[in-house]
Amino acid sequence: MVTKTYDNSHFDESTNGVVVMVEPYSQKQQIQQVVYRILDANLDRAREGLRIIEEWCRFGLNNAQFALECKRLRQELAKWHTPELRAARDTPGDPGTELTHPQEEERVSIKSVLQANFCRIEEALRVLEEYSKLHQQSMAKACKQMRYQVYTLESNLMGYQRHQLLWRSRLYLVTSPSENLLNNVEAALKGGLTLVQYRDKNADDSLRLEQAKKLRQLCHIYGALFIINDRVDLALAVDADGVHLGQQDMSVTVARQLLGSQRIIGLSTTNAEEMQRALTEGADYIGVGPVYETPTKVGKAATGLEYVSYAAKNCSIPWFAIGGIDANNINDVIDAGAERIAVVRSLMQAEQPTLVTQYLLSQLNRIKPEVISH
Ligand SMILES: Cc1ncc(COP(=O)(O)OP(=O)(O)O)c(N)n1
Ligand SMILES: Cc1ncsc1CCOP(=O)(O)O
Ligand SMILES: [Mg+2]
């Protein structure tokens with residue numbers, strides 16, 4: 001007879017209290033109990049993580065498809081969570097309940113909540129896969145499949161979030177070299193900016209890499225998208241949300257092969273033909289301009305407001321009017337049909353970037369109030 005305690009005698013109701021001698025747990029059985037505890041704890045961990053993500057998909061994104069996928073995975077895990085495994089639970093005797101990692105306390109944005117929980121689920125599934133090989137091969141196989149399904153869910157969900165935020169973004173800050181780069185960008189983020197492009201045409205790569213990493217981190221904290229100008233390699237190196245390409249840069253098609261479908265690719269356009277090519281090649285957004293001549297892009301002819309009006313009528317993806325736009329002329333650009341603008345000097349040279357950001361956004365948000373706040 002086998003009992004759950006490690007004592008070799010116990011009170012047995014079936015013998016009316018007569019103390020009987022029982023065999024101690026064999027080493028094999030003790031190991032089995034440990035394996036069951038590991039499986040039980042990791043089934044809980046994976047299910048909890050999925051529930052956290054499911055709640056965001058359901059209430060934050062209103063996305064039934066993602067929420068259902070989380071629920072399906074939770075239910076599949078529940079099938080493996082048998083009474084036998086639950087019976088092995090020993091929470092008071094688990095030294096792990098006291099251990100926390102500083103990063104567990106630190107969640108700066110929804111994105112970091114989601115990332116931390118995806119990580120937790122994937123780790124738990126890997127543990128389940130390994131230890132269930134000692135329990136049930138079919139469970140090991142199922143956990144492996146679920147782990148790959150979670151990777152797919154993560155990639156699709158994070159890509160979806162990116163694209164949602166791109167569509168919601170009205171104001172785009174393209175940076176210029178500045179001693180105050182981080183402070184400036186942070187001040188604009190405080191004003192509600194959700195889209196930042198790092199642009200420095202002259203710095204060497206080591207400085208670009210260093211600044212891009214810092215800006216990406218800053219944008220991450222504020223839940224804003226971070227795009228790199230010109231360079232796909234740099235975008236990948238710093239795990240940016242995407243890249244902005246010019247007409248002379250690598251094609252959107254090649255960039256897409258390198259960046260995949262989840263990252264954002266933007267393309268500059270100055271006329272209807274370039275816009276059409278951007279749409280055909282699958283750009284996620286386009287720049288429309290320079291609307292006005294600008295010292296930030298010397299020698300580049302202005303397209304004028306006509307091209308803005310053309311974009312308003314013909315462009316099916318997000319487009320940002322760019323070039324010489326500031327607080328004084330923003331309403332002319334809006335009147336020509338723009339719902340989104342990109343600026344360099346207006347924010348990089350502003351004395352109070354937070355206030356200017358708020359003002360520009362207030363003008364843009366007059367057109368159609370944002371449907372989703374974040
Ligand atoms: C949003 C946005 N639109 C246009 C540009 C200009 O890109 P490009 O024509 O490649 O010129 P450079 O910025 O590389 O000098 C942009 N960067 N962002
Ligand atoms: C990068 C770029 N591409 C077209 S116009 C422009 C610069 C816009 O800068 P500013 O907002 O200072 O006029
Ligand atoms: Mg370029």
Side-chain angles (χ1 to χ4, degrees), residues 165-167 169-178 181 184-185 188 193-203 208 212 215 219 224-235 240-252 254-255 259 264-271 273-275 277-279 281 283-305 307-308 311 315 317-330 332-334 338-351 353 356-357 359-360 363-364:
L165 187 50
L166 172 67
W167 279 79
S169 296
R170 296 278 169 111
L171 180 62
Y172 190 175
L173 166 60
V174 180
T175 66
S176 55
S178 159
L181 180 65
N184 240 319
V185 174
L193 181 76
T194 49
L195 183 53
V196 175
Q197 180 189 134
Y198 173 55
R199 177 179 184 269
D200 189 332
K201 307 292 285 184
N202 298 314
R208 281 198 182 114
L215 282 173
C219 289
L225 294 170
F226 180 59
I227 306 286
I228 298 269
N229 185 43
D230 291 341
R231 298 274 299 273
V232 173
D233 57 344
L234 218 57
D241 293 297
V243 73
H244 184 90
L245 301 171
Q247 292 291 325
Q248 320 303 329
D249 296 319
M250 161 190 303
S251 73
V252 171
V254 174
L259 291 174
I264 293 168
I265 301 180
L267 184 65
S268 308
T269 69
T270 58
N271 58 50
E273 194 189 314
E274 288 174 0
M275 176 192 292
R277 204 168 333 116
L279 295 174
E281 287 189 2
D284 295 302
Y285 76 86
I286 57 169
V288 165
V291 180
Y292 303 107
E293 268 185 27
T294 165
T296 314
K297 196 103 180 109
V298 181
K300 185 106 175 158
T303 61
L305 291 170
Y307 183 46
V308 172
C315 192
I317 56 176
W319 57 274
F320 295 83
I322 184 170
I325 303 174
D326 58 26
N328 296 317
N329 60 21
I330 183 171
D332 298 335
V333 184
I334 290 173
E339 293 179 355
R340 300 178 179 85
I341 63 160
V343 297
V344 179
R345 287 165 305 143
S346 286
L347 288 177
M348 292 306 293
Q349 291 178 13
E351 274 179 27
V356 178
T357 301
Y359 175 75
L360 296 176
Q363 297 309 296
L364 292 160

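Predicted, not measured: the structure shown is a model, and the values here were computed from it. Just follow the structure's listing: the first ligand is 1, and inside any ligand the first atom is 1. All residue numbers refer to positions in the sequence shown, counting from 1.
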Practice item. Could you go through the side-chain contact (heavy atoms from CB on, under 4.5 Å) check for Ile264 and His244 one step at a time? Key: CA-CA 8 Å; Ile264 293 168; His244 184 90; over 6 Å; no
Check your understanding: At what distance is the nearest protein heavy atom to atom 3 (N) of ligand 2, and which residue and atom is it?
Key -> Lys297 CD, 3.7 Å
Exercise for review: Return the residue, atom name and 0.1 Å-rounded distance of the protein heavy atom closest to atom 4 (C) of ligand 2.
Suggested key: Ile322 CG2, 3.9 Å
Exercise for review: I would like to know whether Ile227 and Tyr285 meet side-chain contact (heavy atoms from CB on, under 4.5 Å); could you show each step before the answer?
Suggested key: CA-CA 12 Å; Ile227 306 286; Tyr285 76 86; 4.1 Å; yes
Exercise for review: Using distance alone, decide if ligand 2 has a nitrogen or oxygen within less than 3.5 Å of any nitrogen or oxygen in Arg345.
Suggested key: yes
Check your understanding: Would you say Gly324 contacts ligand 2, with heavy atoms under 4.0 Å as the rule?
Key -> yes
Point to revise | Per-atom contacts, ligand 2 versus Val343 - under 4.0 Å to a heavy atom | key: 11 (O)
**Study point:** Identity and separation of the nearest protein heavy atom to atom 11 (O) of ligand 2
**Key:** Val344 N, 2.9 Å
Practice item. Determine, considering heavy atoms only, which of Thr296, Ile325, Thr303 sits nearest to atom 7 (C) of ligand 2. Key: Thr296
Point to revise | Atom-level proximity to ligand 1, residues with heavy atom under 4.0 Å | key: Tyr172, Gln197, Arg199, Lys201, Asn229, Asp230, His244, Gly246, Asp249, Ser268, Gly287, Lys297, Ile322
Study note, to complete from the structure: among protein heavy atoms, the one nearest atom 1 (C) of ligand 2 is Arg199 NE, 3.7 Å
**Study point:** Atom of Asp230 nearest the Mg ion (ligand 3) (restricted to N/O/S, atom name only)
**Key:** OD1
